[in-house]
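Chain A is the first sequence line, chain B the second, and so forth, proteins listed ahead of strands; every chain is numbered from 1. Hydrogens, waters and symmetry mates play no part in the numbers below; they use all other heavy atoms, side chains included.
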Amino acid sequence: MSSGAPAASGLAAAGTPPSAPSARYDLGVRLRANSEYVAIPVFALLMAAALFAVFLLAIGKSPIEFVNYVWRGGFGTAFSLQNTLQRSSPLILTALAVAIPARIGLIMIGGEGALVLGGFAAAAIAVPMVGVVPPIVTIPVMVAAAVLVGAMWVGIAGYLRYARGVNETISSLLLTYIGIAIMNFFVEGVMRDASNPNKPSTKPIGDAYMVGYIPGTEVHWGFPVGVLLSVALYILMTRTTFGFAARVTGGNFRAALAQGLPVGRLIVGCAMIAGGCAGLAGYFEVAAIQGRANASLAAGYGFTGILVSFLARHNPVVIIPVAIMFGGLVASGGLIQRRMGMPDATVLVLQGLIFVVLLTSETLYGRFAIFRAGDAKERT
Amino acid sequence: MNAGVVTVLIAMLGGAIRVSTPFMFVAVGECLTEKSGRVNLGLEGTLVLGAMVAYAISYHTGSPWAGVLAAGIAGSALGAMHGSICSLPRVNDVAVGIAMMLFGTGVAFFFGKPYIQPTAPRLTSIPFGGFSDDLNLRSALDINPLFFVGIAVAVIMAWAFANTRWGLIVRTVGDSAPAARAMGISVDLVRFLSTTVGGFLAGVGGAFLSLSYPGSWNQGLSSGQGLMAVALVIFARWSPLRCVLAALLFGAAGALGPALQSVGVTQGYYFFNAAPYILTLALMIASSSATRSARDMPGELSMAK
Amino acid sequence: MSATGFSRRTLLKSAALGAAGAALDLGAMGRAFAAADLTVGIVYVGARDDFGWNQAHAVAAEALKLVPGVKVVEEENVPETDACAKTMESMINLDGAGLILATSFGYYTPFVVDMAKKYPDVQFRHAAPLWNKDKDPKNAGSYFGYLNQAHYVDGVAAGLSTTSNKLGFVAAKPISSVLSNINSFMLGARKTNPKAIVQVIFTGDWSLPVREAESANALVDAGCDVITCHVDSPKVVIETAEKRGVKSCGHNASQAPLAPKGFITGAEYKWATIYKGYAADIAAGNPLPNFLIGGYESDFVQNTPFGAGATEAAKAAANGAIADMKNKVPIYVGPLKDNKTGKVVIDKTYGNLDPYLDNMNYLLEGVVGSIT
């Protein structure tokens with residue numbers, strides 16, 4: 001990937017307190033270099049806000065009111081913050097489904113399909129177990145089913161890429177549409193719950209088999225699991241032989257072959273990790289939210305995850321703050337609609353602007369001497 | 001049942017002609033952009049904006065062709081935006097494309113609100129089925145001029161890639177930026193122009209959606225067709241002519257689901273409706289091989305790196 | 001003063017409504033509102049101006065904004081995921097909403113039910129006949145118009161408008177209210193034309209304009225000469241039918257201007273009756289009914305004024321059918337068999353609002369199509 005260099009440089013780009021993990025190295029140099037990864041995004045956000053303010057003024061709305069509502073609706077109250085975190089949790093997992101294959105040079109956009117089929121598999125396997133097998137057994141089985149089915153689904157795209165040279169971007173997109181058709185076929189056919197006439201769904205799994213919220217909060221377990229998984233995959237991709245081999249393969253496919261790396265297994269492995277992450281997102285949609293599988297699983301999280309991963313430059317840890325920012329924008333979008341009487345499309349325009357400006361700002365890295373610690377040379 | 005088969009075949013012929021045109025325009029436009037070494041995933045947003053602008057302009061001016069032109073201009077504006085942003089070093093074109101998709105869709109939805117309900121003048125089709133007494137065949141052969149424009153653009157583009165200096169320049173820029181620079185070509189300018197023209201074509205594809213078939217403007221109009229068309233370029237292995245074939249195939253397969261249901265083959269309609277995706281995937285698997293995979297791909301594409 | 005004049009007028013209207021026999025479940029009444037300061041939150045699944053389902057609600061809900069002291073907050077494009085729960089919760093927590101109107105079928109289970117349990121002081125009303133008196137929270141409820149009665153009237157007119165005896169129906173998803181509309185349309189057609197069959201195409205989703213147009217074309221190709229539909233925005237289907245030179249019946253809102261030659265009539269909700277009733281209850285400080293359903297007899301549905309496609313005979317028959325509906329003449333006269341196995345699925349005659357019919361998961365004999 002052309003943006004590999006900044007992505008590889010790590011944790012501090014998270015925008016969260018930049019010091020902790022790197023503190024044991026040369027603190028001053030690291031801080032200086034890393035502060036670039038905070039200052040430039042902040043500057044970009046301000047620029048996007050300014051542009052959007054012009055748009056708002058042009059249509060006769062108050063930018064100040066707008067900023068106030070973004071804050072209140074997305075972050076400013078305990079309710080809003082939890083709303084934001086909950087909305088970000090599927091995005092973390094579906095973004096991981098893009099980020100991991102990206103490290104090996106594959107653009108997989110099939111997270112939506114793996115999410116849908118993973119969620120469906122979890123519900124399908126749980127329905128006959130409900131009331132027969134206790135939750136303590138059923139829940140892990142559901143998780144395993146979701147992860148496995150998701151992993152297989154994206155794994156197909158990985159395998160086709162390696163064995164047949166089928167472009168993974170298009171095959172994963174096609175598999176997504178096919179996966180949604182499979183889910184709909186079963187949910188509206190043989191697996192349909194006859195007692196729920198107005199929304200074709202599988203039978204409900206029941207409260208006892210749901211995963212519920214983190215005690216004391218209204219955020220479901222998908223969020224901490226996503227965060228932990230992001231960190232784990234970050235370590236996998238940066239600190240292990242597997243991750244190293246994957247990155248070598250992504251950097252230079254022929255060199256990896258020449259070195260005798262198990263390229264096929266690496267490609268299929270990364271694809272399966274991706275699918276597993278998306279499948280897990282599907283599990284949480286079923287077990288923490290819907291309580292059953294239905295067409296609402298295809299809510300577009302898989303597609304939003306693509307953008308989140310690209311914004312995070314495919315760095316698993318940076319995905320977390322980006323997904324939270326995204327969740328906050330969506331959460332506050334509702335309040336903006338309601339209070340300012342603006343259509344939902346306003347939030348789309350804002351999102352588009354923010355992301356275009358953020359992505360444009362990547363050109364600024366390495367251009368300011370103030371951040372330079374001597375070693376950072378500009379790339380072209 | 002024989003009559004049923006004929007009905008399905010005529011429906012698929014009609015579907016190929018009616019449904020394929022927007023795919024064709026977006027795919028041929030993206031083909032040009034990708035030949036120059038850039039990916040513009042934002043064409044979904046361009047398609048939607050083109051549809052909205054075309055409908056609005058046709059409504060206000062009374063001239064659908066003015067709408068088509070305006071859609072093209074709106075599309076080139078988005079293309080130019082993408083092209084200039086991606087000229088900056090280190091900016092990832094795939095990611096900017098996704099962001100532009102949100103932006104284009106958002107702008108189209110925002111300004112398109114007043115045009116959902118009114119009826120705008122549409123493009124008229126040319127009847128080619130006069131020879132037949134079969135009303136269905138005649139209807140299937142009511143062909144919009146844009147269909148032929150799309151094919152003509154693809155043919156001209158394919159010819160230009162192979163035979164003109166401009167075509168050579170675009171291909172060189174797409175295959176090796178250093179080589180192009182050595183020849184004194186401005187890589188960024190060529191890519192900027194290719195993306196702008198690609199955006200123009202995608203905008204015209206949107207105009208077909210709102211002014212011909214299905215011939216209406218609302219927020220659900222595209223539902224992912226632009227994204228799919230971009231993917232079809234890969235399927236067509238970066239050949240404008242194969243883009244046309246892929247679009248025709250996709251349109252015909254898309255007609256299969258409704259057509260089968262209309263003749264009483266009703267079980268499993270979700271799979272019939274997914275026929276375009278299943279068929280495309282099957283064809284890709286059948287036609288690919290491990291050795292040949294990236295042969296036709298422009299060397300500078302960021303997907304290829 | 002105009003304000004008191006208004007509330008007296010709406011009060012009278014609400015009394016008339018009650019007398020008209022809307023199914024008011026007075027036993028399970030919720031808390032009465034203090035009209036002075038009520039915030040109403042309305043949740044839509046699509047755009048408020050989609051020229052279809054959502055717009056029909058949004059236009060009718062304007063009535064609530066006219067009530068003094070009532071503030072309405074609206075949010076559109078809210079998917080049927082936890083986004084819906086969070087939106088309702090956000091309306092309660094950040095806007096202080098005391099009444100939530102959720103207008104999409106899929107919001108009910110689990111989201112409306114869960115939120116109603118969590119916020120017992122807030123009233124929830126949902127637009128589908130799903131509220132269960134015994135199981136569901138008392139601060140939740142349903143409101144719904146039985147549009148199948150108007151589709152039945154469409155069918156009566158369509159049966160006299162076809163020469164091929166094949167009628168086409170473009171449907172989104174096989175949920176019970178869609179199936180009931182299809183079955184009622186068929187039964188209406190058979191009333192005037194025993195040879196009529198209804199050919200169904202399911203598109204698979206609520207808004208897929210290209211596939212809807214393809215479906216309408218495919219139905220015409222297969223010989224159908226009257227087309228109707230149940231999708232979110234019927235504009236495309238009706239315009240395609242007109243382009244192909246066949247007749248059409250509308251859905252959701254008036255599509256008469258879209259088909260100046262072939263439009264017969266259309267099935268329209270009259271949400272205004274319900275929302276005006278709610279507005280009157282709020283203005284008068286009365287609790288909202290938990291379960292408010294009805295059809296022609298309660299003025300909750302209507303048919304679009306006849307278009308050029310309606311013959312005199314069709315008009316007369318349709319007007320007769322409308323009178324029947326107002327007099328509660330049943331549509332489903334048993335026994336009726338399904339179209340797949342030939343099994344009797346409707347064993348006896350059911351009243352038009354009978355809850356047994358809410359669980360419809362079959363297409364009747366006379367319909368060609370499959371729900372899977």
Side-chain angles (χ1 to χ4, degrees), chain B residues 3-4 6-12 14-15 18-19 22 51 109 112-119 122 125 134-137 139-140 142 209-210 212-225 251 254-270 272-274, chain C residues 46-52 54-55 76-77 166 168 170-171 174 197 199-224 231-240 243-246 253 257-258 260 339-340 363 367-372:
Chain B
V6 173
T7 306
V8 171
L9 287 176
I10 290 179
M12 286 177 73
R18 290 186 297 248
V19 181
F109 286 1
K113 298 264 172 205
Y115 304 104
I116 294 173
Q117 203 152 336
T119 298
R122 317 295 159 76
S125 295
D134 186 329
L135 284 176
N136 294 342
L137 189 60
S139 158
D142 269 353
L209 276 181
S210 64
S212 176
Y213 194 78
S216 183
W217 159 248
N218 71 46
Q219 298 194 358
L221 185 59
S222 161
S223 53
Q225 291 180 62
L256 194 62
L260 283 175
Q261 285 192 66
S262 77
V263 298
V265 182
T266 52
Q267 286 267 321
Y269 58 83
Y270 272 105
F272 302 142
N273 285 342
Chain C
R48 247 178 338 207
D49 39 17
D50 63 350
F51 200 14
N54 296 293
Q55 185 168 341
E76 63 180 8
N77 278 346
K166 284 176 91 175
V170 181
I197 58 157
Q199 181 89 49
V200 183
I201 292 184
F202 287 103
T203 61
D205 218 333
W206 294 105
S207 181
L208 289 171
V210 175
R211 196 174 295 154
E212 285 156 16
E214 277 301 289
S215 302
N217 273 316
L219 288 168
V220 177
D221 286 347
C224 299
V231 295
D232 265 3
S233 308
K235 191 178 178 192
V236 164
V237 173
I238 305 300
E239 286 186 331
T240 306
K243 227 187 276 176
R244 293 294 301 266
V246 301
L258 303 177
N339 73 346
K340 205 158 116 192
L363 290 165
V367 178
V368 179
S370 164
I371 59 172
T372 51

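Ranked by heavy-atom pairs under 4.5 Å with chain B, the first of Gly369(C), Cys224(C), Ala216(C) is Gly369(C). Annotation: maximal heavy-atom pairing with chain B below 4.5 Å, among Ala222(C), Ala253(C), Gly52(C), Pro209(C), occurs at Pro209(C). Between chain B and the residues Lys166(C), Lys340(C), Arg244(C), the largest count of heavy-atom pairs under 4.5 Å involves Arg244(C).
Counting only heavy atoms from C-beta outward, the side chains of Pro214(B) and Glu212(C) never approach each other to under 4.5 Å. Counting heavy atoms from C-beta on, the side chains of Phe51(C) and Ser216(B) never come closer than 4.5 Å. Ile116(B) places none of its side-chain heavy atoms less than 4.5 Å from the side chain of Gln55(C). No side-chain heavy atom of Trp217(B) sits less than 4.5 Å from a side-chain heavy atom of Lys235(C).
The side chain to side chain contact (heavy atoms under 4.5 Å, CB included) test with Asp221(C) singles out one residue from Asn136(B), Leu137(B), Val263(B), and that residue is Asn136(B).
Looking at Leu258(C), only its side chain comes within 4.5 Å of chain B, counting heavy atoms on both sides. Within the 4.5 angstrom heavy-atom criterion, only side-chain atoms of Tyr270(B), from C-beta onward, approach chain C. For Asp205(C), no part sits under 4.5 Å from any heavy atom of chain B, backbone or side chain. For Val200(C), the part lying under 4.5 angstrom from a heavy atom of chain B is the backbone only. Both the backbone and the side chain of Glu214(C) come within less than 4.5 Å of a heavy atom in chain B.
The closest donor-acceptor contact from the side chain of Gln267(B) to the backbone of Ser370(C) lies at 3.5 Å or more, if one exists at all.
The line from CG of Asp49(C) to OH of Tyr115(B) is 13.0 Å long, rounded to the nearest 0.5 Å. Put simply, CD on Gln261(B) and OG on Ser215(C) are 7.0 Å apart, with the number rounded to the nearest 0.5 Å. To the nearest 0.5 Å, atoms OG (Ser125(B)) and NZ (Lys243(C)) are separated by 7.0 Å.
Considering every non-hydrogen atom in both Gly220(B) and Ser207(C), the closest pair reads CA-OG, 4.0 Å. The nearest pair of heavy atoms linking Asn218(B) to Ser233(C) is ND2-CB, 4.4 Å. The shortest non-hydrogen separation linking Asn217(C) to Tyr213(B) is ND2-OH, 3.0 Å. For Gly264(B) against Val368(C), the heavy-atom pair with the smallest separation is CA-CG1, 4.2 Å.
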